Amino acid sequence: MKPLLRIAVQKKGRLAEGSLDLLERAGLGITPAPGALTCRARGLPVELLFVRDDDIAALVMRGVCDLGIAGENTLREEALQAPGSTPLQTVRALGFSRCTLKFAAPANGSVCSVQDLQDKRIATSYPAITAAFLEENGVTAQCVTLQGAVEIAPALGIADAICDLVSSGATLAANGLEAFATVMQSQAVLVRSPKPWDEAKEALLARLLRRMDGVIASRATKYIMLNAPKDAIDEITALLPGADAPTLMPLAGRNDQMAVHAVCRETIFWDTLEALEARGAHAILVLPIEKMMG
Ligand code: PRT
Ligand code: ZN
């Protein structure tokens, strides 16, 4: 059967693993051959196209692919570089490949605020986003566009500051740079082509989204099991983050104790476990949930 949906994903890089993992967990059944540019899914009538992240927006915009998984940073840059074109529709924020586009400059140097950027040179891979931000802030500066190794530009003497993506901050620190302003937060998103679709395509997307939502919801959600003294049950269940209606069960041979099972829809931190233990909870288990629906 002909694939109904074609999805553009990054071939190799910081988006690739998260994209494939999400699609695989949504039941696509994908085993790309090494070096392959396309891969037909076994589980749904879907074909993947493996490309560079910079090409994803254009492929979806032109309708070559119906869907794409890209970083919001590249999508915004593309949109600003093609003013007047119909923007791609973001159908889901996917929660991985999170990063922040930031301005940074040599630590203890003369540039430490957005206003200090006046008449300076800024190295970036995102010239349109950078220019728009500077304009909003009433600053005039020169953008030096580099596709990689942006952090080394000040040391090479070709820029006074940079505007680049940061996740851990280790690359900035290793290059003696300090961030002083945030331009945008970014994460991977699923975008769809602006072209109208037929009913079969829409139905397949709806099915895929339901599954993706199940995968995304299950990531933050955990199943918690513990035993607790009966007289502390109210206090203990109130501590469970994002849990509605926990299951309470008697424990054989222990009239003073109960078992508590609950689905927690928010992150369970160590602090919470310590607070539970302090109120007498014991045999506490936190388990991952693989899939969720309904
Ligand atoms: O080959 P292709 O063109 O497809 O890949 P690429 O090299 O252009 O992109 P890639 O794989 O590096 O990044 C793809 C997308 O991942 C980006 O567009 C962002 O949406 C997202 N992402 C998330 C990041 C980072 N985190 C990130 N840390 N992209 C780049 N970085 C770089 C950053 O540019 C800097 O050089 O990592 C360095 C900083 O990392 P830390 O951890 O030291 O702060
Ligand atoms: Zn790229």
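For clarity, every value in this text was computed on a predicted model and none was experimentally measured. Read the numbers this way: they start at 1 and go in the same order the structure lists the ligands and their atoms.
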Student: Polar-atom distance check: T74 versus ligand 1, any N or O pair below 3.5 Å?
Tutor: no
Student: Note the single closest protein heavy atom to atom 6 (P) of ligand 1, along with its residue, its atom name and the distance in Å.
Tutor: D53 OD1, 4.0 Å
Student: I want to confirm something. Looking only at heavy atoms, which of G169, G148, A179 is nearest to atom 44 (O) of ligand 1?
Tutor: G169
Student: In D54, the N, O or S atom nearest to the Zn ion (ligand 2) is which?
Tutor: OD1
Student: Do any nitrogen or oxygen atoms of T171 come within less than 3.5 Å of a nitrogen or oxygen of ligand 1?
Tutor: yes
Student: Within a distance under 4.0 Å of any heavy atom of G71, pick out the atoms of ligand 1 and give their elements.
Tutor: 20 (O)
Student: Quick check: does any side chain N or O of R219 sit under 3.5 Å from a backbone N or O of V215, one acting as donor and the other as acceptor?
Tutor: no
Student: Looking at residues at least two apart in the chain, or sitting in another chain, which of them share a side chain to side chain contact (heavy atoms under 4.5 Å, CB included) with P194?
Tutor: M61, T86, L88
Student: When you check the gap from the basic side-chain N to the acidic O, do D256 and R254 get nearer than 4.0 Å?
Tutor: yes
Student: Go through ligand 1 atom by atom and flag the ones less than 4.0 Å from a non-hydrogen atom of G13.
Tutor: 11 (O)
Student: Where does the angle between the aromatic ring planes of F103 and F133 fall among parallel (under 30°), tilted (30 to 60°) and perpendicular (over 60°)?
Tutor: tilted
Student: Nearest protein heavy-atom contact for atom 22 (N) of ligand 1: which residue, which atom, what distance?
Tutor: C99 SG, 3.6 Å
Student: Between D54 and ligand 1, which residue portion shows a heavy-atom distance shorter than 4.0 Å: side chain, backbone, both, or neither?
Tutor: side chain
Student: Which pairs would a plain distance check flag for residues 93-102, meaning a side-chain donor or acceptor within less than 3.5 Å of a matching protein atom at least two apart in sequence or in another chain?
Tutor:
from	atom 1	to	atom 2	distance (Å)
S97	OG	R14	O	2.8
R98	NE	G95	O	3.4
T100	OG1	Q185	OE1	3.2

Student: Taking K195's backbone N and O only, do any of them form a donor-acceptor pair with S193's side chain (distance below 3.5 Å, no angle check)?
Tutor: yes
Student: When you compare ligand 1 with V51, is there at least one nitrogen or oxygen pair between them that comes in under 3.5 angstrom?
Tutor: no
Student: Closest non-hydrogen protein atom to atom 11 (O) of ligand 1, residue and atom name please, with distance?
Tutor: R14 N, 2.7 Å
Student: Hey, looking at atom 19 (C) of ligand 1, which of N73, V150, V189 has the closest heavy atom?
Tutor: N73
Student: Out of all atoms in ligand 1, which are within 4.0 Å of some heavy atom of Q10? Include the element for each.
Tutor: 2 (P), 4 (O), 5 (O), 9 (O), 10 (P), 11 (O), 14 (C)
Student: Taking N or O atoms only and a 3.5 Å limit, does E151 qualify as a polar contact for ligand 1?
Tutor: yes
Student: For the residue pair R42 / T31, report whether a side-chain donor-acceptor contact shorter than 3.5 Å exists.
Tutor: yes
Student: Main chain of V9, side chain of S19: is a donor-acceptor contact present, judged purely on distance under 3.5 Å?
Tutor: no
Student: Is it the case that more than 12 heavy atoms not belonging to R211 sit under 6.0 Å from its CZ atom?
Tutor: yes
Student: Identify whether the distance between the nearest side-chain nitrogen and carboxylate oxygen of R121 and D160 falls below 4.0 Å.
Tutor: yes
Student: Show me which atoms of ligand 1 lie under 4.0 Å from any heavy atom of A170.
Tutor: 43 (O), 44 (O)
Student: Could you tell me which atoms of ligand 1, counted from 1 in the order shown, lie closer than 4.0 angstrom to a heavy atom of V166?
Tutor: 44 (O)
Student: Output the atom name for the N/O/S atom of D53 with the smallest distance to the Zn ion (ligand 2).
Tutor: OD1
Student: Could you identify the single nearest non-hydrogen protein atom to atom 28 (N) of ligand 1 and state the distance to 0.1 Å?
Tutor: S167 OG, 3.0 Å
Student: Checking side-chain contact (heavy atoms from CB on, under 4.5 Å) between Q10 and each of L15, T74, D55, which is the one that passes?
Tutor: L15
Student: In the protein, which heavy atom is nearest to atom 29 (N) of ligand 1, and how far is it?
Tutor: L165 CD1, 3.4 Å
Student: Please classify the D164 to ligand 1 contact at 4.0 Å (heavy-atom distances, strictly less than): side chain, backbone, both or neither.
Tutor: side chain
Student: Mark up the atoms of ligand 1 that fall under 4.0 Å of a heavy atom belonging to R52, in ascending order.
Tutor: 1 (O), 2 (P), 3 (O), 4 (O)
Student: Would you say CD of E17 has more than 12 non-hydrogen atoms from neighbouring residues, nucleotides or ligands within 6.0 angstrom?
Tutor: no
Student: Would you mind listing which atoms of ligand 1 come within a distance below 4.0 Å of any non-hydrogen atom of S168?
Tutor: 41 (P), 42 (O), 43 (O), 44 (O)
Student: A quick test of your reading: do over 12 heavy atoms of other residues, nucleotides or ligands sit less than 6.0 Å from CG of D198?
Tutor: yes
